[in-house]
Amino acid sequence: MSYTPSQIEAKWQQKWDDEKAHEPDDTLDRKKKYILSMFPFPSGRLHMGHVRNYAIGDAFARYYRKQNFNVLHPIGWDAFGMPAENAAIKHGRHPKEWTYANIDYMRNELQALGLSFSKTREFATCDTLYTKWEQEFIIRMFEEGLLYRESTTVNWCNHCHTVLANEQVEEGCCWRCDNPVELKEMPGYYLDIIKYADDLLEDLKQLEGKWPNQVLTMQENWIGKSQGLEFEFELSKESKAKLGGNFETLSVFTTRPDTIYGVTYTALAAEHPITKYLLDNDLLDNDVAQKIVAITNMTEIERAKKGKEGYDLGLTVIHPLTQEEIPVWTANFVLASYGGGAVMAVPAHDERDFEFATKYQLPIKRVISGGETLPYTLEGKLENSESFTGMKNTEAKVHIISYFEDNTLGKGTTNYKLRNWGISRQRYWGAPIPFVHCESCGLVAEKIENLPITLPEDVEITGEGNPLEKHPTWKYCACPKCGKDAIRETDTLDTFVQSSWYQFRYATHPSRWNTTGIDKEDANYWLGVDQYIGGIEHAILHLLYARFFTKVLRDLGYHDVNEPFNHLLTQGMVLMDGAKMSKSKGNTVDPDALVEKYGADTARLFTLFAAPPAKELEWNDAAVEGAFRFIKKLYDRHTKVTAKTLPKIDQNTLSKEAKLARVKVYEALKKSKEVYEKTFAFNTLIAACMEALNALDKQDNSEVWTEGMYIMLNLLEPIIPHVATELSDSLFARENLEVQLEVKEEVFVQDSILYVVMIGGKKRTEIEVSPSASKDEILALAKEAGAKWLEGMHIVKEIVVPNKLVNLAVKSV
RNA sequence: GCGUCAGUGGUGGAACGGUAGACACGCUACCUUGAGGGGGUAGUGCCUUACGGGCGUGGAGGUUCAAAUCCUCUCUGACGCACCA
């Protein structure tokens, strides 16, 4: 009987389905584990990254089931999004048809890997039943003032024909297509994530040690909290007049109020209202106006590349403390979206302001002592700062803020780099935003009983314009408030909205999916996810949005969970020849072909064995063969098993080799707990099992073999479930999979212990010592064995590490 | 520039401050086989004249009886952020 993975795997996959072996209990009274791998986008086929992701998740799920937890291990489909539309453009297939066909295909691929998903909780985010509840959440957020519509400068991808959130812009380019992002003024819907910035930042502390450090710092930096002073410069009389009385003051934010006396000019973004006013009213030289317009047409990256550039706007403001008149410039490095789009410039103590001032020969005034050259950005004492002179700058910050507050000149404020989340996309294949534009009532939310607002299916997708906009009838509707003719919103929701709450949807029992979006009791029982597994590329995007949604939905009363993912494991990428696998590079490995050739168990074993999960995984065909060989060998050894139950073994009757084999088997068992609950180093658990099998092979006691196989099959079941279950079934009637194995400490008791003898910190020789030997006896033996190296030396210190080694520190006489 | 992580054989990777290189791949020799595949046995960090040594975890210091592991500095690489005032 030789190992035939295809037969074994099909057999057990069928059995598990028939037995509904992987469904969680409906009653919520056992201790639980919620194991979740990030759900896939139904692109058409699985790739090796998916295999790795789900192999890791499945190992956890199967392990905890064995530990008698009620385990929720669901799968679904992140099914809205651009590629479906692109496929429609390219192949003329309707996005819906394309998406569901892909799901059917990929579901079979997952099935072939033997993943222990709950089948009853599967859904696709494009299911209208999912959209329905999502639209309800969106409306509730609108009612709570967390969602608003405004027209502002947005990131626009001209290739994808849609707006992007700040988080979706990578180095100035679109996260999806990598084309440069343009800035464009457009209306859109925003979620007030800044309102939750402090909550999101604070709760990162709870995740310390449970999420990778890297992800925590990335989120912290992304939120970018900074504290400082917000105050207003009054415009000079002439400047007010020039601006037609439309502006009285210029508001700025600074984190360095201690440098306030060093301000020598102010700088506005090209998009600042004052700059705009000057442009719109022809108040600038033609030449300058053109240059400023050119800046507004540049992306942030282009501006950065161009270097610092600015123009005197011919305006002045009054310094609030010194009453000096200060020029107002516009500068290409001032961000419109942060701190009101205006800054006070302190060239002596800020590198950017210094560079700019030097270029345009603006005055530079030192107000903090220290260092020889300017700009000086470190700590020091204030100078040239009236009554604050002599104060340490760190203290001056606090005092100057209070001074501003006491004299109602400004106030201490907190600013965040985090921008509010723009959630509207000008695309077809997404969840419709459930609002209506009414001439009399303005922006009106759809009535809850009218949900879901679904997509029309009779659309033509060309890539030009928004199909919802162009549809002949879809957008015409009645105002939910007054009943008059109105226009339905044609933007759809960012797909990251769907993945922000799917963890709650899985937790909700499917029998309640029709009646509720999130069942509170279910959610409170299952959440947070005990182990979340996914790629590091979601460190900010998805993981921040999902945390935000969790908190918002909590505050809306849907559940009582603060954080969605208690433990996060970010898996490394799968590489081939040192590069990420990709179709364009032609360095992919097809999971289907792999499963066909070697079986799912080999595919899973290799991905878990070749590297620890957090690290990158270098593909190696030869090592796959190695994994296959191990399984074959394990399978071959079924003939060594002679009993159907765990034998009772008398340790005293065993050969040295048999004793060693037992040690290796029980070491693997010990390792198992540590790996699943602490280190996640599946590679070392597999190595321990390999060692155990190698050691078993070196002896021929059938009881030791039986015990070894009984335990090893149990340990390996989460990793290579088909072959482990097959053997467990035929050899032990699967009883070995159901027991809680206990480590037998007596196995580790040895007749003699090998001590390493180190002299002067170097390993010199070894001695065998009886376990009952005293420290002095051990030392005596060590000195005798090491006599050769002790000649001409005298011993300074004697160290005995129990069961390990002796170290004799020596000095020459 | 800032932040995070990582540097160990030919390769993937192991090592609660306690024998560096487990396990696996690859390679070498031999055995099995008509050959190939498959299986088995032994070996495999580097240097050295075999014994015996010496050197070795990117580099330089330090703490310690003992450092891949802890500390300081430094170099290299990956990833993230990037004019956030």
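What you are looking at is a predicted structure, and each value in this text was computed from that prediction instead of being measured. Protein chains get the first letters and strands the later ones, always in sequence-line order, with residue 1 at the start of each.
Listed nucleotides B:A24, B:G12, B:A85 differ in distance to A:Met690; the shortest reach to its side chain belongs to B:A24. Distances from the side chain of A:Glu766 to the nucleotides B:A85, B:C23, B:U19 place B:U19 closest. Considering only side-chain atoms of A:Lys632, the nucleotide from B:G13, B:G39, B:C83 that sits closest is B:G39. For A:Pro612, the side-chain atoms get nearest to B:A14 when compared with the rest of B:A14, B:A85, B:U4. Side-chain atoms of A:Val343 lie closest to B:A85 of the nucleotides B:U19, B:A85, B:C83. Listed nucleotides B:G80, B:A85, B:A14 differ in distance to A:Met218; the shortest reach to its side chain belongs to B:G80. The side chain of A:Asn807 lies closest to B:C65, out of B:A85, B:C65, B:G26. Among B:G26, B:C23, B:A85, the nucleotide with an atom closest to any side-chain atom of A:Ala622 is B:G26. Comparing B:G12, B:G3, B:C25 by their nearest atom to the side chain of A:Asn620 picks out B:C25. Of the candidate nucleotides B:A22, B:G13, B:G12, B:A22 has the atom nearest to the side chain of A:Ala687.
In this structure, A:Lys671 atom NZ and B:A22 atom C1' are separated by 9 Å, rounded to whole Å. Look at NZ on A:Lys762: it is 10 Å from C1' on B:C55, rounded to the nearest Å.
Considering only side-chain N and O atoms, A:Ser226 lies under 4.0 angstrom from the phosphate OP1 or OP2 of B:A85. Contact between the side-chain N/O atoms of A:Trp222 and the OP1/OP2 oxygens of B:U4 is not found at any separation under 4.0 Å. For the OP1/OP2 pair of B:C83 and a distance below 4.0 Å, the side-chain nitrogens and oxygens of A:Lys308 include no atom meeting the criterion. A sub-4.0 Å separation between OP1 or OP2 of B:C65 and a side-chain N or O of A:Lys797 is present. For A:Asn221 and B:A82, the shortest distance from a side-chain N or O to OP1 or OP2 is not below 4.0 Å. Regarding contacts with the backbone of B:C25, a side-chain N or O of A:Arg629 is found under 4.0 angstrom from either OP1 or OP2.
B:G58 and B:G7: their C1' atoms are spaced 6 Å apart (whole Å). Atom P of B:U76 sits at a distance of 47 Å from the matching atom of B:C30, rounded to the whole Å. Rounded to the nearest Å, the gap between the P atom of B:A85 and that of B:C79 is 27 Å. A distance of about 10 Å separates the P atoms of B:A68 and B:G56, rounded to the whole Å. Across the P atoms, B:A6 and B:U72 are found 15 Å apart, a figure rounded to whole Å. With C1' as the reference atom, B:C46 and B:A20 are 14 Å apart, rounded to whole Å. Nucleotides B:G10 and B:G21 have their P atoms positioned 16 Å apart, rounded to a whole Å. With P as the reference atom, B:G59 and B:U69 are 11 Å apart, rounded to whole Å.
The base of B:C81 lies outside donor-acceptor range of the side chain of A:Lys417, with no N or O pair under 3.5 Å.
Salt bridge status for A:Glu674 with A:Lys678: absent, with no side-chain N to carboxylate O gap under 4.0 Å. Of the charged side-chain nitrogens involved, at least one lies within less than 4.0 Å of a carboxylate oxygen, so that A:Glu309 and A:Lys306 count as a salt-bridged pair. By the 4.0 Å N-to-carboxylate-O rule, A:Lys225 lies close enough to A:Asp198 to be salt-bridged with it.
A:Trp421 has its ring centre less than 6.0 Å from the ring centre of A:Tyr545.
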